[in-house]
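Here is the naming used below: chain letters follow the sequence lines, and residue numbers restart at 1 for every chain.
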There are 2 protein chains.
Amino acid sequence: MDHQAKGTRKGTGGGKGNDVKADLIAVVVAVTKGEPRVLTIGQASALPSGPFELDHRSLQSGLRAWVERQTSHPLGYIEQLYTFADRDRIGDELQRVISISYLGLTREDQTERSPTHGWHGWYDYFPWEDHRSGIPAIVPEILMPQLQAWAEDADDPDMHHDRWQRATIAFGLDERDWNEELVLQRYELLHEAALVAEAKHSGNTGSALSIPGRPMTADHRRILATGIGRLRTKIKYRPVVFELMPATFTLLQLQRTVEALAGRLVHKPNFRRLVEQQDLVEGTGETMSDTGGRPAKLFRFRQTVLAERTVAGTKLPLSRA
Amino acid sequence: MDHQAKGTRKGTGGGKGNDVKADLIAVVVAVTKGEPRVLTIGQASALPSGPFELDHRSLQSGLRAWVERQTSHPLGYIEQLYTFADRDRIGDELQRVISISYLGLTREDQTERSPTHGWHGWYDYFPWEDHRSGIPAIVPEILMPQLQAWAEDADDPDMHHDRWQRATIAFGLDERDWNEELVLQRYELLHEAALVAEAKHSGNTGSALSIPGRPMTADHRRILATGIGRLRTKIKYRPVVFELMPATFTLLQLQRTVEALAGRLVHKPNFRRLVEQQDLVEGTGETMSDTGGRPAKLFRFRQTVLAERTVAGTKLPLSRA
DNA sequence: CCAATTATTCTCTAACTGAGTATAATATGA
DNA sequence: TCATATTATACTCAGTTAGAGAATAATTGG
């Protein structure tokens, strides 16, 4: 009954039939005591989220409002991640839901502890992603056999080959090395192979017991994977670790934070060299008497770097072993 | 220009008034005869777009449907860019519009020419972005003086300094070199300084005549800037140029395409070295008698690379001069 | 055949990376 | 007190890569 919008909109326009709900959803990350953690609500199984409302000034401010309402935790740096509109996000209504996801970085507020929200180590959700102490046992012992079985379960040889190749690429098998950025690819592969709890459409082949990692509501774990992947990529070329560090810190603390995010260790002397060469930090003059050993100099980030944040090339060395 | 927006306010069926319209909008790029071009509709002043509808299977397929309906041009590779929900995207209705933008890569169909759509060189919209023949005159002669004036127009010294610093970073002044990826930052800077036609809120200081680049509807030019920036970043580490090339090509053609996108020239021998070292291409055995001179070998992309597209590190050398 | 033009291959140097070693400054405990 | 463990910090070195330029090859057009 209502078409022919004059000028403004072409095709099917003014009708309510195509209206959607827009959800804002946040992956909020902090690193506490060398562990990367994510802000959750409910039983640690959901990310903070809520509808985009008319009185939100922008998507960003709407997101901030929701996170602060649900967790009373203020947000610093945020950046858009991805917009989803999957079929399986529709409830029993006919209406669709669009999810606009964001990545946020903060420092964890150590004082307060609330029943409405919590911080959880992100490797609880992705145990195969932490390679700081070598390849986690779960990879060769559980994931690879299951993925191989899944590949062999394919209909034709081409599909078999394709599945297995994707697995080897994603998990860095034969000759290839582990690429810590492929967090999303790995999760989606496991999802496709029905090895994560969220994938329970068709016949679950009794492998339910070996399903790895803590699951989340709806597609929240996929969104978390997106956020982790983005952050792992980003720390390599933009100085965003800042947002996760206290005002002053030792170089080892900085290194441990990077390692926590990347899920792999870096070569200490090379790390220092790069950080100092790039003038990312400056000494405060003070030192810190840490856990036994020579006291470490304290550093802070240089203001200039923050100013040029949009541009600066902050190559952090992420080497093997 | 308004229609009798029925039920769009508080009582949309099933909704509480927070429903939104979701628009899909596409930056479709091709490179023809060494010029990067973008697919437009209308008077070359709008990008293909349309509402996300209930019968679209996904955001991607909805976008494909709209582009093909409006331009009868099929899309190959597409990737999500960004989701906007600005105030100024609202018409005079109360309802909001969310724009989900995508980047698409194709080859231009040389045969057909239609009145409903067209291809336009993207440097028409961003004349300051093409540095293939050195710094365009418009930068030192028009943009920098205007930006300086804008900086000096600031309220306090801090703001002055901040504005000018952003300008020097974005346009690669004193000591810094031009960073071709900062397309969006530059456009937003010019927008903020009211140097582009789209920024006509407050008093336009008579500089209307010198406003550079062809404007677009609403914020389409900003979305185009986002797409160009993303593409310029991406060609450096992922083999996406493929999508823009014919089945076989010479190495110089490949180089010219990269240069067209990046808006800067590269060193020919180094370019070849990198492309060949990485096994991106393989010779077809044939050669091409080009425009006078030694015939060039023809190449095609290797299948393996396409398979590993998600992972491969395709470093293209983008040097100065 | 000569000049112009483009393709292709090589060379050289500076910079950067990955990895390992050496030295310095503190705490701890025999 | 002094050796030892522990962490911080500095230095070295080989292999690789990046930027730039030179040299050679195969054409076309006079």
### Parallel, tilted or perpendicular: ring planes of Tyr125(B) versus His120(B), cut at 30 and 60 degrees
perpendicular
### Query
Between dG21(D), dA7(C), dA8(D), which nucleotide gets closest to the side-chain atoms of Leu252(A)?
dA8(D)
### Message
Applying a 4.0 Å non-hydrogen cut-off, can you work out what Leu251(A) is touching in the nucleic acid: base, sugar-phosphate, or nothing?
### Response
nothing
### Message
So that I know where these two stand, are Phe242(A) and Phe249(A) an aromatic pair - ring centroids less than 6.0 Å apart?
### Response
no
### Query
Which whole-number value in Å describes the distance from Gln278(A) CD to dC16(C) P?
10 Å
### Any side-chain heavy-atom pair of Leu190(A) and Leu147(A) under 4.5 Å
yes
### Query
Picking from dT9(C), dA20(D), dT17(C), which would you name as closest to the side chain of Arg273(B)?
dA20(D)
## Note on the structure
When rounded to whole Å, the NZ to C1' distance for the pair Lys297(A) and dT9(D) reads 7 Å
### Query
Under 30°, 30 to 60°, or over 60°: which ring-plane class applies to Trp178(A) and His131(A), parallel, tilted or perpendicular?
parallel
### Task
Please state how far atom CG in Leu274(A) lies from atom P in dA19(C), giving the value in whole angstrom units.
14 Å
### Query
Counting side-chain heavy atoms from CB outward, which of dA10(D), dA20(D), dT26(C) is closest to Asn270(B)?
dA20(D)
### Atom-to-atom span, CD of Gln277(A) to C1' of dA10(D) - whole angstrom
14 Å
### Message
Just the rounded figure in Å: distance from C1' of dG20(C) to CZ of Phe271(A).
### Response
19 Å
### Summary
Closest to the 5' end of DNA chain D, once Gly293(A) and Leu298(A) are matched to their nearest nucleotides, is Gly293(A)
### Contacts of Phe299(A) that satisfy ring-ring contact (aromatic ring centres under 6.0 Å, His included) - sequence neighbours left out
none
### Task
Using the test ring-ring contact (aromatic ring centres under 6.0 Å, His included), find all partners of Tyr123(A) that sit at least two apart in sequence or belong to another chain.
none
### Summary
When Ser289(A) and Thr250(B) are each assigned the nearest nucleotide of DNA chain C, the 5'-most assignment goes to Thr250(B)
## Note on the structure
On DNA chain C, more 5' by nearest nucleotide between Pro269(A) and Pro269(B) is Pro269(B)
### Message
Under 4.0 Å, counting only non-hydrogen atoms across every strand here, what does Lys268(A) touch: a base, just sugar-phosphate, or nothing?
### Response
base
### Ala296(B) side-chain proximity, nearest of dA25(C), dA19(C), dA7(C)
dA7(C)
### Query
Quick one: is dT9(C) close enough that its OP1 or OP2 comes under 4.0 Å of any side-chain N or O from Arg272(B)?
yes
Anything under 3.5 Å between a protein N or O and an N or O of nucleotides 23-25 of chain D, put it in a table, one pair a line.
unit_1  : atom_1 : unit_2    : atom_2 : d
dA25(D) : N3     : Arg294(B) : NH1    : 3.1

### Query
Between Glu276(A) (CD) and dA10(D) (P), how many Å, whole number?
6 Å
### Salt bridge Arg232(B)-Glu129(B), side-chain N to carboxylate O under 4.0 Å
yes
### Task
Let me know which of Val31(B), Val281(B), Leu254(B) forms a side-chain contact (heavy atoms from CB on, under 4.5 Å) with Met245(B).
Leu254(B)
### Query
Given atom CZ of Phe299(A) and atom P of dA8(D), what is their separation to the nearest angstrom?
11 Å
### Query
How many Å lie between NZ on Lys236(A) and P on dC16(C), as a whole number?
19 Å
